[in-house]
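Take a look at the structure set out below.
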Amino acid sequence: MTWGPMYMYYHCPKCGLKFEYAVDMIPDFGEKFGYCPKCDVMGVYEKDGARQPDDADYLEVE
């Protein structure tokens with residue numbers, strides 16, 4: 001059984017945007033993994049795991 005993609009959930013300390021990164025995208029983003037796509041500041045980590053019930057509240061960074 002598989003849980004599907006794993007995500008790390010963040011919010012921006014500057015603008016408040018909630019966003020998520022798929023863990024398998026770490027190599028693509030490198031040091032910018034976890035950064036707010038709007039403000040380009042490091043997000044505040046909230047949680048990680050498979051899709052969460054409140055997933056629709058988070059912007060998926062691709």
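The first residue of the sequence shown is numbered 1, and numbering continues consecutively from there.
- Under the salt bridge (charged side-chain N to carboxylate O under 4.0 Å, His left out) criterion, Lys32 pairs with Asp40, not counting sequence neighbours.
- In plain terms, the two heavy atoms of Pro13 and Gly43 that are nearest each other are CD-CA, 4.2 Å.
- Heavy-atom minimum distance, Ala50 versus Met6: N-SD, 3.7 Å.
- Note on Tyr58: it does not cluster hydrophobically with Val23, by side-chain heavy-atom contacts below 4.5 Å among ILVMFWY residues.
- Considering only residues two or more places apart in sequence or on other chains, Tyr35 meets the ring-ring contact (aromatic ring centres under 6.0 Å, His included) condition with none of them.
- To the nearest 0.5 Å, the span separating NZ on Lys38 from CZ on Phe19 amounts to 12.0 Å.
- If you chain together ILVMFWY residues whose side-chain heavy atoms come under 4.5 Å of each other, Val44 ends up in a group of its own.
- Under the side chain to side chain donor-acceptor pair (under 3.5 Å) rule, Tyr9 has a single partner from Asp55, Asp57, Asp48, which is Asp55.
- Within the structure, every pair that satisfies the side-chain hydrogen bond (donor to acceptor under 3.5 Å, both in side chains) test and touches residues 12-25, not counting sequence neighbours, is listed here: Glu20-Arg51.
- Taking Tyr45 as the reference, nothing meets the ring-ring contact (aromatic ring centres under 6.0 Å, His included) condition, with sequence neighbours excluded.
- Taking SG of Cys36 as the reference point, atom CG of Leu59 lies at 8.5 Å (rounded to 0.5 Å).
- Considering only residues two or more places apart in sequence or on other chains, Tyr7 meets the ring-ring contact (aromatic ring centres under 6.0 Å, His included) condition with none of them.
- Considering every non-hydrogen atom in both Phe33 and Met8, the closest pair reads CE2-SD, 3.6 Å.
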